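As the structure is a prediction and not an experimental result, all values here were calculated from the model.
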Amino acid sequence: MPSCDPGPGPTCLPTKTFRSYLPRCHRTYSCVHCRAHLAKHDELISKSFQGSHGRAYLFNSVVNVGCGPAEQRLLLTGLHSVADIFCESCKTTLGWKYV
């Protein structure tokens, strides 16, 4: 059960618990909704990808993400096997990965 401050106020937010925390000394990328750590800036390979909803980033590795089933998709560069990835904490779809 998440801990909660019973102090005054209409809302009570759960404590953030993520599987992996990235070191504070590094610039990091986080989930826009829950701020779960996703990747260190050092893991960024390219910002020049184009997704179906706009600009996309390519990372070498990420943390705190879940993975959906692999499927074949026709991308700008041809047919690829990819799987959707989502934030493990809040389940927000983040994008996809090559399989």
Worksheet item: How would you list all residue pairs meeting salt bridge (charged side-chain N to carboxylate O under 4.0 Å, His left out) that involve residues 47-59, not counting sequence neighbours?
Response: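 Non-adjacent pairs meeting salt bridge (charged side-chain N to carboxylate O under 4.0 Å, His left out): zero.
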Worksheet item: In terms of heavy-atom contacts, does CG of Leu79 have more than 12 from other residues, nucleotides or ligands at under 6.0 Å?
Response: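 Counting neighbours around CG of Leu79, more than 12 heavy atoms of other residues, nucleotides or ligands fall under 6.0 Å, so yes.
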Worksheet item: Where does the angle between the aromatic ring planes of Tyr29 and Phe59 fall among parallel (under 30°), tilted (30 to 60°) and perpendicular (over 60°)?
Response: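 Aromatic pair Tyr29/Phe59 classed perpendicular.
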Item to complete: Kindly assign one of parallel, tilted or perpendicular to the pair Tyr98 and Trp96, based on the angle between their ring planes and the thresholds 30° and 60°.
Response: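 It falls in the perpendicular class, over 60°.
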Discussion item. Any side-chain to backbone donor/acceptor pair from Asn64 onto His37? Under 3.5 Å, distance only.
Written reply: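 Yes, the answer is positive, given that a donor and an acceptor are paired below the 3.5 Å cut-off.
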Fill in: Within-4.5 Å side-chain heavy-atom neighbours: Ser89 and Cys31
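SC-SC contact between Ser89 and Cys31 ruled out.
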Practice prompt. Looking only at non-hydrogen atoms, find the nearest pair between Glu88 and Lys91 and report the distance.
Written response: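 Nearest heavy atoms, Glu88 then Lys91: O-NZ, 3.0 Å.
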Worksheet entry | Closest non-hydrogen atom pair between Val82 and Leu75, with its separation |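 Heavy-atom minimum between the residues: CG1-CD1, 4.3 Å.
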Tabulate below the donor-acceptor pairs under 3.5 Å that side-chain atoms of residues 65-73 make, not counting sequence neighbours, or state none.
{"unit_1": "Glu71", "atom_1": "OE2", "unit_2": "Arg73", "atom_2": "NE", "d": "2.7"}
{"unit_1": "Glu71", "atom_1": "OE2", "unit_2": "Arg73", "atom_2": "NH2", "d": "3.0"}
{"unit_1": "Arg73", "atom_1": "NH1", "unit_2": "Asp84", "atom_2": "OD1", "d": "3.2"}
{"unit_1": "Arg73", "atom_1": "NH2", "unit_2": "Asp84", "atom_2": "OD1", "d": "2.7"}
{"unit_1": "Arg73", "atom_1": "NH2", "unit_2": "Asp84", "atom_2": "OD2", "d": "3.2"}

Item to complete: Look up atom OG in Ser61 and atom NZ in Lys40, then write down how far apart they are to the nearest 0.5 Å.
Response: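 Rounded to the nearest 0.5 Å, the OG-NZ separation comes out at 7.5 Å.
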Fill in: Qualifying residue, where the test is side chain to side chain contact (heavy atoms under 4.5 Å, CB included) with Leu94 and the options are Ile85, Val32, Val62
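Of Ile85, Val32, Val62, side chain to side chain contact (heavy atoms under 4.5 Å, CB included) with Leu94 is met by Ile85 alone.
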